[in-house]
Amino acid sequence: MPLVNYITYIMDIATKYEPQLIEDKWYAFWMEHKLFASKPNQKPSYTIVIPPPNVTGILHMGHMLNNTIQDILIRRARMMGFNALWVPGTDHASIATEAKVVAMLKERGIDKRSLSREEFLKYAWEWKEKYGGIILKQLRKLGASCDWDRTKFTMDPEMSEAVIDVFVDLYNKGKIYRGVRMVNWDPKALTAVSDEEVVYKELQSKLYYVRYKIEGADNEFVTIATTRPETILGDTAICMHPEDERFQHLKGKRAIVPLVNRSIPLIFDEYVDREFGTGALKITPAHDINDYNLGLKHHLDTINIFNDNGTLNENAQFLVGVDRFKARDEIIPLLEKSGNLVKIEDYTNKVGFSERTNEVIEPKLSVQWFCKMGEMAKPALEVVMNDDIRFYPEKFKNTYAYWMENVKDWCISRQLWWGHRIPAYYLPNKEFVVAKTKEEALEIAKKKFPGLNLTIHDLQQDEDVLDTWFSSWLWPMAVFDGIRHPDNEEVNYYYPTSALITAPDIIFFWVARMVMAGLEWNGRVPFKHVYFTGTVRDKLRRKMSKQLGNSPDPILLMEKFGADGVRLGMLLSSPAGNDLLFDEALCEQGRNFSNKIWNAFRLIKGWEISENIPQPLHSQTAIQWFNVRYNEALAEINDHFDKFRISDALMAVYKLIWDDFCAYFLEIVKPAYQQPVDEKTYQDIVDIFERLMQLLHPFMPFITEEVWHNLRERGENESIMATQMPQVDKRGDVTDILVRFATAQKVVENIRRIRAEKNIAQKNPLELLVLKQGEADEAMDAVITKLCNLSKIEYVTEKVGGTCSFIEQNIEYLIPVMQNMNVEEELKKLHADLEYAEKFLQSVLKKLANERFVSNAPEQVVAVERKKQADAEEKIKLLKEQIANLS
RNA sequence: GGGAGCUUAGCUCAGUUGGUUUAGAGCAUCUGCCUUACAAGCAGAGGGUCACAGGUUCGACUCCUGUAGCUCCCACCA
């Protein structure tokens with residue numbers, strides 16, 4: 001490598017911020033000093049409980065967004081003087097985990113069915129200890145400031161006990177019952193799933209027209225249309241609309257089911273849509289929820305033709321043992337052969353899939369446990385509608401209200417082994433008792449049935465476990481042991497939690513139920529604010545998915561851009577509730593920002609400090625201005641946080657640092673090349689930089705800690721995390737300096753534009769003439785002089801030839817230009833300005849000429865218009881003079 | 001089928017109770033710069049009849065009505 005290139009190479013490395021080592025170093029430091037730990041104390045609490053990720057889960061972009069926001073809120077609260085606690089943990093995720101374990105067993109050549117429940121659970125725990133909770137480790141990389149010593153798992157012994165307590169309590173209150181219902185059966189997971197766990201997808205399918213012979217009539221048929229011809233084998237009626245003229249003559253008759261030759265009644269019900277298909281509907285009460293309801297109403301037989309795994313059973317008589325989809329294909333030729341198939345049409349319909357296994361849901365009649373929701377929903381609805389709990393964005397209140405008003409009972413049993421086993425114990429006489437333990441169950445049973453002479457061996461515990469959400473809904477209380485010990489110090493201190501950060505798709509599964517549970521067992525809401533994040537999508541608006549391969553690995557992203565960079569990238573474009581269109585370019589922007597800060601830091605550290613030189617006026621002015629500007633931004637940022645506008649808050653910090661601090665402030669106070677900086681200015685710069693790092697810390701914890709530590713001498717145990725966030729200074733009206741500085745900025749921009757247009761390098765000094773009478777603003781002039789490399793600013797009363805000029809605040813500024821000026825271009829620009837000003841004046845005059853405006857609008861508004869008029873007229877006058885001078 | 005929400009610059013979004021010059025930001029774009037913190041950078045510039053059509057008002061991006069398009073939620077018609 002040639003020497004010159006080599007030097008450039010070394011310089012490049014030095015100027016880049018390298019997050020990897022720095023991030024690991026500081027995370028270890030925070031852990032070592034237990035800076036995330038919290039215990040109840042005198043300070044007010046600020047609590048967040050993590051939405052527990054599946055114990056099987058690995059970090060994806062949704063987690064990144066969600067947890068970044070939680071960390072920001074927690075870190076900020078900590079610095080705002082709260083005792084901040086973020087409780088981490090994982091969810092046992094019955095179906096997902098059981099599936100993983102079954103898969104693991106299969107790999108080892110073990111069939112789940114060959115194992116006893118106890119044996120299986122042993123493997124499951126083994127799996128959990130070995131592979132579970134990876135996600136929590138990954139969160140550390142992100143910088144998550146969770147109190148890790150408090151990590152909870154929904155199947156920890158005390159958590160499980162709470163779940164069982166709650167079940168028993170609800171049962172005793174009469175809110176849990178056992179019943180035969182049509183449930184959503186997942187034939188792959190072999191369990192019922194709740195309505196919320198079913199997702200409907202549109203499918204291209206067929207509509208089969210099949211005719212049924214009318215009993216006792218020759219050559220008379222009724223034709224139905226169905227998408228599931230295999231269920232014909234379970235038909236127990238045909239239904240038509242009572243007012244449908246086409247079928248009046250069939251009233252009271254019966255039909256014959258094809259193939260199985262069963263005689264079934266023809267019934268009439270308004271449920272049937274006369275327009276659809278043939279107007280006749282086959283009824284299979286065992287395998288369709290609507291048919292089931294009609295069956296109840298019309299007292300129909302129920303014939304279950306499916307096994308639990310979705311194959312046909314003996315009741316079907318045909319195709320026994322064949323899978324339901326294969327049976328659909330195979331029954332068609334049979335129907336054709338028997339002369340019952342009329343025609344087949346293409347048809348698009350919606351089919352329910354299990355969210356967990358992606359298997360087509362089979363409606364199935366079975367005995368399940370249910371939890372009554374109606375009574376609990378009422379108060380839970382109330383607290384959201386009256387803003388005891390606030391939703392961000394607010395629109396989700398509607399969704400929530402609709403669900404709560406139409407809430408249905410919750411199917412809480414699952415036919416799995418991994419989970420909280422239902423504490424119901426069956427007796428030899430088919431009765432059951434519900435109790436916390438088998439021993440307690442025995443006591444109750446003995447009292448209830450004294451004649452049975454029961455022993456512990458007569459009791460058989462229910463084989464099912466509870467829906468995973470039946471433990472999740474207790475999470476905000478249970479992590480503080482607030483179910484078993486409702487009045488303990490921790491739950492009294494930390495509960496209700498401050499904010500819940502979650503995704504809107506679990507508003508019913510989880511959020512609503514937590515509210516119910518909180519009110520039921522604690523009497524208070526579980527959280528004050530609920531912030532709903534959007535869905536993370538790719539830049540083409542597609543959801544992140546494994547199949548599309550459009551989901552980046554967050555760990556790799558953090559290695560590439562730094563955790564700080566990725567955190568920033570996640571947030572830069574994600575207002576609450578709006579989908580985040582993720583693009584690596586956003587992380588790049590985050591990384592660039594890290595680098596910008598890093599270089600500002602390098603700049604300052606490179607200066608020599610002198611106690612012997614006085615503070616220049618421009619530096620003094622810049623410091624005065626920046627402090628006011630900081631205060632203004634701080635107030636704005638606080639306001640954004642109050643409204644949970646996190647990305648707006650970030651943008652405000654971002655601009656404060658990049659635009660105000662780097663682009664203006666540092667450029668003003670920067671000493672000339674190889675010149676020292678005066679002590680006073682230096683100290684103020686460090687102070688300002690420090691306060692900026694504090695403001696940014698919640699968003700970018702790592703780089704801010706690194707810079708903060710190196711700005712001054714720090715003690716071994718000090719951390720930016722433990723500092724107090726600066727507070728808004730409300731004293732005095734200080735907007736004057738902001739206005740004056742803004743004007744100075746305009747002047748600077750004009751001079752820079754002229755330099756660019758005239759191709760005059762920054763190193764060549766310019767003179768600035770100001771056509772103004774009265775006092776000069778020396779402080780701002782000093783700033784302008786520094787930023788624009790002026791040799792002097794002179795106040796004049798008359799125009800000078802050979803100058804470029806511009807107007808700011810109706811003051812004319814002139815710059816003598818040595819080179820030949822392009823008069824034509826100058827004039828063109830002036831004419832454009834003039835045209836703009838005149839058009840503007842016209843619009844103002846038009847308004848003022850409107851008598852109704854003048855008489856109706858508030859005085860203030862009219863005054864503003866008159867001021868606009870005066871200003872515009874003055875500007876036009878100046879522009880005309882300039883044009884005259886040049887012509 | 002029912003409900004909610006959205007439509008502002010090329011993209012993603014702000015725009016607080018109607019009136020602060022003729023609508024803002026970030027990114028992207030264009031032009032010129034390797035200037036001594038930073039080319040992952042600096043300086044400057046361009047870009048929008050606020051979806052459409054009406055209405056209310058002295059005045060509408062903002063309020064009302066209708067139309068079109070998009071998104072989400074709920075229901076689950078075979």
Side-chain angles (χ1 to χ4, degrees), chain A residues 8 12 15-17 198 200 207 224-228 231 239 271-273 275-278 280-284 288-291 347 349-352 393 395-399 402-403 406 504-505 507-508 535 539 541 561 565 572-575 577-581 583 585-586 588-589 591-607 639 643 645 647-648 651-652 654-655 662-663 666-667 670 672-674 749 752-757 759 761-763 836-837 839-841 843-844 847 850-858 860-862 864-865 867-869 871-872:
Chain A
T8 316
D12 275 351
T15 59
K16 302 279 186 282
Y17 172 65
V198 180
Y200 288 87
L207 193 57
I224 57 90
T226 180
T227 53
R228 301 198 60 191
T231 62
C239 187
Y271 167 78
V272 176
D273 176 4
E275 306 300 314
F276 189 90
T278 60
L281 171 65
K282 72 183 212 58
I283 306 296
T284 322
D288 182 281
I289 181 65
N290 300 300
D291 291 10
Y347 185 66
N349 67 337
K350 282 186 170 180
V351 177
K395 65 178 174 184
F396 288 111
K397 272 169 86 167
N398 293 327
T399 316
Y402 185 83
W403 193 75
N406 299 284
D505 51 346
I507 189 167
F508 311 131
T535 309
K539 54 184 164 180
R541 249 182 218 289
F561 300 107
L572 275 169
S573 166
S574 58
N578 274 23
D579 287 354
L580 167 68
L581 273 48
D583 185 345
L586 293 169
E588 215 169 294
Q589 197 185 341
R591 179 201 60 186
N592 293 354
F593 187 48
S594 301
N595 206 46
K596 186 73 186 172
I597 293 165
W598 184 246
N599 277 293
F601 169 68
R602 279 180 62 233
L603 171 69
I604 290 165
K605 291 311 274 186
W607 291 336
D639 184 52
K643 293 170 182 155
R645 299 166 71 141
S647 52
D648 288 340
M651 188 47 70
Y654 181 88
K655 286 199 275 191
C662 293
L666 288 180
E667 290 300 330
K670 182 160 88 177
Y673 183 53
Q674 290 193 333
E749 278 164 29
R752 283 173 176 167
R753 182 176 47 76
I754 287 167
R755 269 191 190 276
E757 281 169 8
N759 220 349
Q762 173 75 8
K763 62 184 172 191
Y836 181 91
K839 262 193 175 167
F840 174 66
L841 178 63
S843 77
V844 175
K847 226 178 195 182
N850 184 342
E851 216 176 282
R852 285 187 299 180
F853 169 71
V854 180
S855 51
N856 286 327
Q860 244 181 330
V861 175
V862 180
V864 167
E865 291 303 313
K867 173 85 164 54
K868 284 185 202 169
Q869 182 195 349
D871 286 353

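Labels below follow one simple rule: chain letters A, B, ... track the order of the sequence lines, proteins then strands, and each chain is numbered from 1.
Remark: of the listed residues A:Q869, A:K867, A:K868, A:K867 is the sole one forming a side chain to side chain contact (heavy atoms under 4.5 Å, CB included) with A:D871.
Nucleotides B:U22 and B:G26 have their C1' atoms positioned 23 Å apart, rounded to a whole Å. A distance of about 25 Å separates the C1' atoms of B:C30 and B:C50, rounded to the whole Å. Taking atom C1' on both B:C76 and B:G1, the two are 10 Å apart, rounded to the nearest angstrom. Atom name C1', nucleotides B:C27 and B:G69: the rounded distance is 26 Å, in whole Å. Distance check on atom C1': B:U29 versus B:G10 gives 8 Å, rounded to whole Å. With both ends at atom P, the span from B:U7 to B:U62 equals 11 Å, rounded to whole Å. A distance of about 15 Å separates the C1' atoms of B:A43 and B:C38, rounded to the whole Å. Annotation: B:G5 and B:C42 have their C1' atoms spaced 43 Å apart (nearest Å).
Between A:D505 and A:T535, the closest side-chain pair of non-hydrogen atoms is not below 4.5 Å.
An aromatic stacking contact links A:Y836 with the base of B:U22, defined here by ring centres under 5.5 Å apart and ring planes under 30° from parallel.
In terms of phosphate contacts, A:N290 brings a side-chain nitrogen or oxygen within less than 4.0 Å of OP1 or OP2 of B:C77. For B:U12, one of the phosphate oxygens OP1 or OP2 lies less than 4.0 angstrom from a side-chain nitrogen or oxygen of A:R541. Of the side-chain N and O atoms in A:R591, none sit less than 4.0 angstrom from OP1 or OP2 of B:A40. Phosphate contact (OP1/OP2 of B:A40, side-chain N/O of A:N595, threshold under 4.0 Å): absent. A close approach under 4.0 Å does occur between a side-chain nitrogen or oxygen of A:K670 and OP1 or OP2 of B:A37. Regarding contacts with the backbone of B:A4, every side-chain N or O of A:Y402 stays at 4.0 angstrom or more from both OP1 and OP2. Taking 4.0 angstrom as the limit, A:Y654 places a side-chain polar atom (N or O) nearer than this to OP1 or OP2 of B:C27. Dashed line: the shortest gap from a side-chain N or O of A:N592 to OP1 or OP2 of B:G41 is under 4.0 Å.
Heavy atoms of A:Y200 sit under 4.0 angstrom from at least one base atom. Within the nucleic acid shown, A:N349 comes within 4.0 Å of sugar-phosphate atoms alone, with no base atom in reach, counting heavy atoms only. At a threshold of 4.0 angstrom between heavy atoms, the contacts of A:N850 are confined to the sugar-phosphate backbone, with no base atom among them. Contacts of A:F561 with the nucleic acid, taken as non-hydrogen atoms under 4.0 Å apart, are absent. The residue A:Q860 sits apart from the nucleic acid: no heavy atom pair falls under 4.0 Å. Note on A:C662: a base of the nucleic acid sits closer than 4.0 angstrom, heavy atoms only. Residue-level contact check: A:V844 touches neither bases nor backbone, having no heavy atom under 4.0 Å from any strand. At the heavy-atom level, A:A756 lies nowhere under 4.0 Å from the strands shown. In this structure, A:K867 reaches neither bases nor backbone, as no heavy-atom distance under 4.0 Å exists between it and the strands shown.
A search for side chain to side chain contact (heavy atoms under 4.5 Å, CB included) contacts involving A:N850 returns A:R852, A:F853, not counting sequence neighbours.
We find that CG of A:N398 is positioned 10 Å from P of B:C6, with the value rounded to whole Å. Following rounding to the nearest Å, A:K539 (NZ) and B:C13 (P) show an atom-to-atom distance of 15 Å. In this structure, the CD1 atom of A:I754 is 12 Å from the P atom of B:G44, given to the nearest Å. Atom CG of A:L580 and atom P of B:G26 are 19 Å apart (whole Å). As a whole-Å value, the separation of A:K655 NZ from B:A14 C1' is 9 Å. In this entry the distance linking CG of A:L581 with C1' of B:C13 reads 11 Å, nearest Å. As a whole-Å value, the separation of A:K397 NZ from B:C74 P is 20 Å.
Of the candidate nucleotides B:C77, B:U22, B:A43, B:A43 has the atom lying nearest to any side-chain atom of A:A663. Of the candidate nucleotides B:U22, B:C73, B:G44, B:G44 has the atom nearest to the side chain of A:R753. For A:Q589, whose side chain is taken as the heavy atoms from C-beta onward, the closest listed nucleotide among B:G19, B:A14, B:C27 is B:C27. Between B:U20, B:A78, B:A75, one nucleotide has an atom nearer to the side chain of A:Y347 than all others, and that is B:A78.
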5'-to-3' dot-bracket of RNA chain B (Watson-Crick, G-U; under 3.5 angstrom; crossing pairs as [ ]; | other strand): (((((((..((((.....[....)))).(((((.......))))).....(((((..]....))))))))))))....
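A:E667 contributes a side-chain N or O that forms a donor-acceptor pair with the base of B:A37 under 3.5 Å. At a cut-off of 3.5 angstrom, the base of B:C38 holds at least one donor-acceptor pair with the side chain of A:K596.
Using a 4.0 Å cut-off between a side-chain N of Lys or Arg and a carboxylate O of Asp or Glu, A:E749 and A:R753 do not qualify as a salt bridge.
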